[in-house]
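Notes follow once the structure below has been shown.
The residues of the chain are indexed from 1 along the displayed sequence. Hydrogens, waters and symmetry mates are skipped; everything else that's a heavy atom, side chains included, is used. Nothing here was measured: the structure is a model prediction, and the numbers come from that model.
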Amino acid sequence: MMRAWLLPLLFVLCGSLVAAGMFSDGNTLGASALLLLFVVLAAAHSPLVFPRPTGALEAQRLSEADGRPIVYWRAGCKFCLRLRLRLGRRAGRLYWVDIWRDPAGVAVVRAANGGNETVPTVFVAGSAYVNPDPAWVREQLSPSE
């Protein structure tokens, strides 16, 4: 769990240190802008921007029942963030499995990627797709959803 928050914490810590130095030099506006930038970067790389994670076994069971895709991801992955942001509101229609929180999710991703933890790995109808185009993932969602 702590591993997912390491990068966001580092962003906030580094931003705070640099902003403190700028503030002590009298550059309050620059320090405030820089600190805000680092806080935004921390939020973007945190688990907060992703839909609530589902366990791998539960996601597989639900996906078999309703046919929705499963996305295996981890915090701090720029490709996962790209997929999440490009999906917009539709991201909630998929099942999201955080591989840093779920050992079963890690096993699924490793099995699909020859032992590597390459994410995002998207499962659609039992087939794995590694780092697919977000437009393609949107097409996999049924229009009624």
Side-chain angles (χ1 to χ4, degrees), residues 1-63 66-124 127-143 145:
M1 175 70 172
M2 184 61 186
R3 194 161 106 177
W5 288 99
L6 186 60
L7 184 61
L9 289 173
L10 286 175
F11 273 125
V12 171
L13 179 64
C14 291
S16 298
L17 292 174
V18 174
M22 291 174 71
F23 186 75
S24 68
D25 289 340
N27 187 356
T28 56
L29 183 61
S32 300
L34 185 78
L35 184 58
L36 179 63
L37 173 68
F38 274 85
V39 168
V40 168
L41 285 171
H45 287 87
S46 76
L48 297 176
V49 297
F50 290 90
R52 185 175 179 189
T54 306
L57 300 176
E58 179 71 6
Q60 289 170 355
R61 185 184 67 74
L62 292 170
S63 180
D66 62 16
R68 292 183 185 185
I70 304 170
V71 179
Y72 293 87
W73 67 282
R74 64 173 171 76
C77 168
K78 65 182 178 181
F79 301 108
C80 298
L81 182 61
R82 175 182 154 255
L83 177 63
R84 166 59 187 102
L85 293 177
R86 297 270 310 273
L87 287 174
R89 290 186 202 159
R90 295 182 196 119
R93 298 179 187 169
L94 291 90
Y95 298 110
W96 293 80
V97 178
D98 184 349
I99 67 167
W100 278 356
R101 288 185 177 185
D102 190 346
V106 173
V108 170
V109 170
R110 285 182 179 167
N113 295 305
N116 296 317
E117 293 181 11
T118 308
V119 289
T121 298
V122 179
F123 276 80
V124 177
S127 298
Y129 301 89
V130 179
N131 196 15
D133 186 304
W136 179 85
V137 175
R138 276 194 306 270
E139 291 171 7
Q140 304 311 304
L141 298 170
S142 68
E145 293 182 55

Donor-acceptor list for residues 78-88 side chains, cut-off 3.5 Å, not counting sequence neighbours:
unit_1: Arg84; atom_1: NE; unit_2: Val49; atom_2: O; d: 2.7
unit_1: Arg84; atom_1: NH1; unit_2: Gly88; atom_2: O; d: 2.8

Beyond-backbone contact of Thr118 with Asn131, side-chain heavy atoms, under 4.5 angstrom: no
Counterpart residues, salt bridge (Lys or Arg N to Asp or Glu O under 4.0 Å), relative to Arg110 (two or more places apart): Glu117
Nearest non-hydrogen partners of Ile99 and Arg74, listed with the distance: CG1-CB, 3.9 Å
Pro53 backbone acceptor or donor facing Asp98 side chain under 3.5 Å: no
Closest contact, heavy atoms only, Gly105 versus Val97: CA-CG1, 4.1 Å
Distance, nearest 0.5 Å, that separates CZ of Arg138 from CZ of Arg93: 11.0 Å
Heavy-atom check, side chain of Thr54 versus side chain of Trp96, under 4.5 Å: no
Summary of ring pair (Phe, Tyr, Trp, His ring centres under 6.0 Å) pairs that have at least one residue in residues 7-26, sequence neighbours excluded: Phe11-His45
List the atom pairs, with distances to 0.1 Å, where a side-chain N or O of residues 25-42 and a protein N or O form a donor-acceptor pair under 3.5 Å, not counting sequence neighbours.
unit_1: Asn27; atom_1: OD1; unit_2: Gly30; atom_2: N; d: 2.9
unit_1: Ser32; atom_1: OG; unit_2: Thr28; atom_2: O; d: 2.9

Least distance between heavy atoms, Pro51 atom then Ala91 atom: CG-O, 3.8 Å
From Pro132, Ser63, Pro69, residue fulfilling side-chain contact (heavy atoms from CB on, under 4.5 Å) relative to Val124: Pro69
Minimum-distance pair of heavy atoms, taken over all atoms of Thr121 and Ala112: CG2-CB, 4.5 Å
Student check: side-chain heavy atoms of Phe123 and Val108 closer than 4.5 Å: yes
Trace of the side chain to side chain contact (heavy atoms under 4.5 Å, CB included) decision for Trp100 with Val119: CA-CA 11 Å; Trp100 278 356; Val119 289; over 6 Å; no
Interatomic distance, Leu9 atom CG to Cys14 atom SG [nearest 0.5 angstrom]: 10.5 Å
Salt bridge (charged side-chain N to carboxylate O under 4.0 Å, His left out) contacts touching residues 29-41 (sequence neighbours left out): none
Pairs flagged by salt bridge (charged side-chain N to carboxylate O under 4.0 Å, His left out) wherever residues 45-60 is involved - sequence neighbours left out: Glu58-Arg61
Atom pair SG/OH of Cys77 and Tyr72 - distance to nearest 0.5 Å: 15.5 Å
